[in-house]
S.K.: 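The structure that follows is given in the form of structure tokens.
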Amino acid sequence: MEESIQQQPSDCLRIVIYGPESTGKTTLAKALAEAYHTAWVPEFARDYLQKKWDTTGEVCSKDDLLQIVKGQMEAENKALSTAKDFLFCDTNVLVTQVWSESHFQGYCDPRILNYARTFQYDHYFLTHIDVPWQADDLRDRPNDREDMFKLFKALLIKNNLPFTVLKGTHKARMEQANFVLKKIISG
């Protein structure tokens with residue numbers, strides 16, 4: 001029987017940097033963690049899928065998705081040990097859900113859907129597509145950026161999750177994020 005993936009409880013506010021590929025999520029997660037002197041969680045799928053590509057030449061399959069969710073949550077739980085006040089997550093299970101549904105004709109493993117409903121986050125920063133596309137081995141939707149953005153946003157709205165769209169330069173996005181984080185802290 002497969003083990004259950006658990007989200008460790010914490011007093012830290014979990015902030016997800018969320019959105020389509022090549023929209024500055026990693027850059028923003030690192031910068032926010034540095035600004036707030038706390039931890040951030042890198043995107044597990046990036047290293048996992050790059051290693052798969054480098055060794056087999058294969059892209060992500062349905063069979064990889066649960067392993068990605070598990071690896072992401074393990075990294076998140078580990079990062080909590082050094083987090084202070086905030087934990088900035090460069091993606092989460094909702095990203096995996098959007099990716100699965102967009103790449104596998106609407107299909108998403110029911111276990112992933114359950115984790116998406118179960119895992120709790122305090123706020124989402126949805127990164128806009130107004131930054132230049134950066135090609136790499138894993139990115140595959142340069143011409144579908146607007147459609148992908150709409151899918152990411154629609155899932156947040158459908159699940160009634162708190163989010164802010166971040167647009168503009170890195171500096172502008174940091175200013176927007178800081179404004180929202182100060183409002184969250186002050187209640």
Side-chain angles (χ1 to χ4, degrees), residues 5-8 10 12-36 38-56 58-83 86-104 108-109 112 115-116 119-129 131-142 144-145 148-149 151-153 155-156 161 163-166 170 173-174 177:
I5 303 169
Q6 300 293 321
Q7 184 181 46
Q8 184 178 320
S10 172
C12 285
L13 296 173
R14 295 173 203 245
I15 309 297
V16 181
I17 316 304
Y18 171 88
E21 59 190 16
S22 192
T23 56
K25 294 184 299 293
T26 300
T27 301
L28 190 60
K30 284 182 193 178
L32 286 168
E34 184 176 316
Y36 287 88
T38 190
W40 71 285
V41 185
E43 179 185 8
F44 177 82
R46 174 140 296 276
D47 290 338
Y48 176 87
L49 294 173
Q50 186 67 56
K51 183 177 180 181
K52 180 178 179 176
W53 174 260
D54 291 345
T55 57
T56 67
E58 296 175 357
V59 296
C60 187
S61 71
K62 287 180 192 175
D63 294 336
D64 293 316
L65 298 177
L66 269 175
Q67 184 60 39
I68 288 168
V69 171
K70 181 180 183 217
Q72 189 69 35
M73 187 50 65
E74 286 174 353
E76 182 179 315
N77 287 338
K78 183 178 179 185
L80 285 170
S81 67
T82 58
F86 292 106
L87 179 64
F88 295 102
C89 303
D90 179 2
T91 83
N92 75 346
V93 66
L94 284 185
V95 173
T96 308
Q97 180 182 341
V98 171
W99 199 92
S100 179
E101 291 172 350
S102 67
H103 285 70
F104 300 114
C108 187
D109 185 306
I112 292 173
Y115 293 132
F119 298 160
Q120 298 294 309
Y121 297 89
D122 296 286
H123 199 82
Y124 287 78
F125 287 133
L126 173 56
T127 51
H128 201 271
I129 58 172
V131 296
W133 171 264
Q134 301 275 331
D136 69 16
D137 293 337
L138 304 177
R139 295 177 177 153
D140 66 348
R141 300 273 170 116
D144 297 333
R145 295 180 87 197
M148 292 301 292
F149 180 82
L151 291 173
F152 277 91
K153 186 175 181 180
L155 190 56
L156 292 171
L161 297 169
F163 73 96
T164 303
V165 177
L166 300 182
H170 176 69
R173 290 173 181 219
M174 286 293 290

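We use all heavy atoms of the structure for the numbers below, so side chains are in, but hydrogens, waters and symmetry mates are not.
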S.K.: Taking only residues two or more places apart in sequence or in another chain, which ones pass side-chain hydrogen bond (donor to acceptor under 3.5 Å, both in side chains) with Thr127?
M.R.: Thr23
S.K.: What's the separation between atom CG in Leu151 and atom CG in Leu156, rounded to the nearest 0.5 Å?
M.R.: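 If we round to the nearest 0.5 Å, Leu151:CG and Leu156:CG are 11.5 Å apart.
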S.K.: Nearest heavy-atom pair of Ile112 and Thr96: which atoms, and what distance?
M.R.: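 Closest approach of Ile112 to Thr96: CD1-CG2, 4.3 Å.
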S.K.: State, yes or no, whether a side-chain contact exists between Phe149 and Leu126 at a heavy-atom distance under 4.5 Å.
M.R.: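 Heavy-atom side-chain distance check passes, below 4.5 Å.
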S.K.: How far apart are the closest heavy atoms of Met174 and Ala35, and which atoms are they?
M.R.: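 Taking every non-hydrogen atom into account, CE-CB, 4.2 Å.
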S.K.: Which heavy atom in Gln72 sits nearest to a heavy atom in Pro42, and how many Å separate them?
M.R.: NE2-O, 3.2 Å
S.K.: Taking atom types as modelled, find out whether Gln7 and Glu76 have a side-chain donor-acceptor pair closer than 3.5 angstrom.
M.R.: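 Yes.
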S.K.: Nearest 0.5 Å please: distance from the CG atom of Leu80 over to the OG atom of Ser10.
M.R.: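 Taking CG in Leu80 and OG in Ser10, the distance rounds to 4.5 Å.
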S.K.: Are any non-hydrogen side-chain atoms of Leu32 and Ile17 less than 4.5 angstrom apart?
M.R.: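 Of all side-chain heavy-atom pairs linking Ile17 with Leu32, at least one is under 4.5 Å.
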S.K.: What residues form a ring-ring contact (aromatic ring centres under 6.0 Å, His included) with Tyr121, not counting sequence neighbours?
M.R.: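 Once residues adjacent in sequence are excluded, Tyr121 has no partner under the ring-ring contact (aromatic ring centres under 6.0 Å, His included) criterion.
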S.K.: Taking side-chain hydrogen bond (donor to acceptor under 3.5 Å, both in side chains) as the definition, give me every residue that meets it alongside Tyr124, ordered by chain and number, with sequence neighbours left out.
M.R.: Asn92
S.K.: Near Glu34 CD, under 6.0 Å, is it more than 12 heavy atoms from other residues, nucleotides or ligands?
M.R.: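 Count not over threshold, so no.
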S.K.: Phe163: what forms a ring-ring contact (aromatic ring centres under 6.0 Å, His included) with it, not counting sequence neighbours?
M.R.: none
S.K.: Can you sort out the partners of Glu101 under side chain to side chain contact (heavy atoms under 4.5 Å, CB included), two or more places apart, ordered by chain and number?
M.R.: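 If we apply the side chain to side chain contact (heavy atoms under 4.5 Å, CB included) test to Glu101, skipping adjacent residues, the hits are Gln97, Cys108, Leu113.
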S.K.: Looking at every heavy atom in both Leu166 and Ala177, which two are closest together, and how far apart are they?
M.R.: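 So the two residues come closest at CD2-N, 4.0 Å.
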S.K.: What is the distance from atom OG of Ser61 to atom CG of Leu49, rounded to the nearest 0.5 Å?
M.R.: 9.0 Å
S.K.: Give a yes or no answer on whether the side chain of Asp122 reaches the backbone of Arg14 with a donor-acceptor pair at less than 3.5 Å.
M.R.: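 Side chain of Asp122 to backbone of Arg14, a donor-acceptor pair under 3.5 Å: yes, one is there.
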S.K.: His123: which residues meet the side-chain hydrogen bond (donor to acceptor under 3.5 Å, both in side chains) condition with it, sequence neighbours left out?
M.R.: Thr164
S.K.: State which residues pass side-chain hydrogen bond (donor to acceptor under 3.5 Å, both in side chains) with Gln6; sequence neighbours excluded, sorted by chain then number.
M.R.: Ser4
S.K.: So, do Val131 and Arg145 sit near enough that their side-chain heavy atoms are less than 4.5 Å apart?
M.R.: yes
S.K.: Is there a side-chain contact between Arg173 and His128 in this structure, where contact means two heavy atoms from C-beta onward sitting under 4.5 Å apart?
M.R.: yes
S.K.: CG/Leu155 to CG/Leu94 distance, rounded to the nearest 0.5 angstrom?
M.R.: 5.0 Å
S.K.: OG1/Thr26 to CG/Asp90 distance, rounded to the nearest 0.5 angstrom?
M.R.: 3.5 Å
S.K.: Going by the rule side chain to side chain contact (heavy atoms under 4.5 Å, CB included), which residues pair with Thr56 if we only count those two or more places apart in sequence or in a different chain?
M.R.: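 Expected list: Lys52, Glu58.
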S.K.: At what distance, to the nearest 0.5 angstrom, does SG of Cys60 lie from OH of Tyr48?
M.R.: 7.5 Å
S.K.: Kindly write out the residues that satisfy side chain to side chain contact (heavy atoms under 4.5 Å, CB included) with Ala83, not counting sequence neighbours, or none if the list is empty.
M.R.: Cys12, Thr38, Ala39, Leu87
S.K.: Among all residues two or more places apart in sequence or in another chain, which pass the salt bridge (charged side-chain N to carboxylate O under 4.0 Å, His left out) test with Lys153?
M.R.: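 Listed in chain order: nothing, the list is empty.
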S.K.: Going by side chain to side chain contact (heavy atoms under 4.5 Å, CB included), name the residues that satisfy it together with Lys62, two or more places apart in sequence or in a different chain.
M.R.: Phe104, Tyr107
S.K.: Less than 4.5 Å apart, any side-chain heavy atom of Ser100 and any of Asp109?
M.R.: no
S.K.: Could you check Val69 against Phe44 for side-chain contact (heavy atoms from CB on, under 4.5 Å), going step by step and ending with a plain yes or no?
M.R.: CA-CA 8 Å; Val69 171; Phe44 177 82; over 6 Å; no
S.K.: Which heavy-atom pair separates Phe119 from Val93 by the least distance, and what is that distance?
M.R.: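 The pair with the smallest heavy-atom distance is CD1-CG1, 3.8 Å.
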S.K.: Hey, are Lys70 and Glu74 close enough for a salt bridge, meaning a charged N less than 4.0 Å from a carboxylate O?
M.R.: yes
S.K.: List for me each residue that meets ring-ring contact (aromatic ring centres under 6.0 Å, His included) alongside Phe86, sequence neighbours excluded, and say none if there are none.
M.R.: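 Phe86 satisfies ring-ring contact (aromatic ring centres under 6.0 Å, His included) with Tyr36, Phe88 only.
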S.K.: Could you tell me which non-hydrogen atom of Val59 sits nearest to which non-hydrogen atom of Asp64, and how far apart they are?
M.R.: O-OD2, 4.1 Å
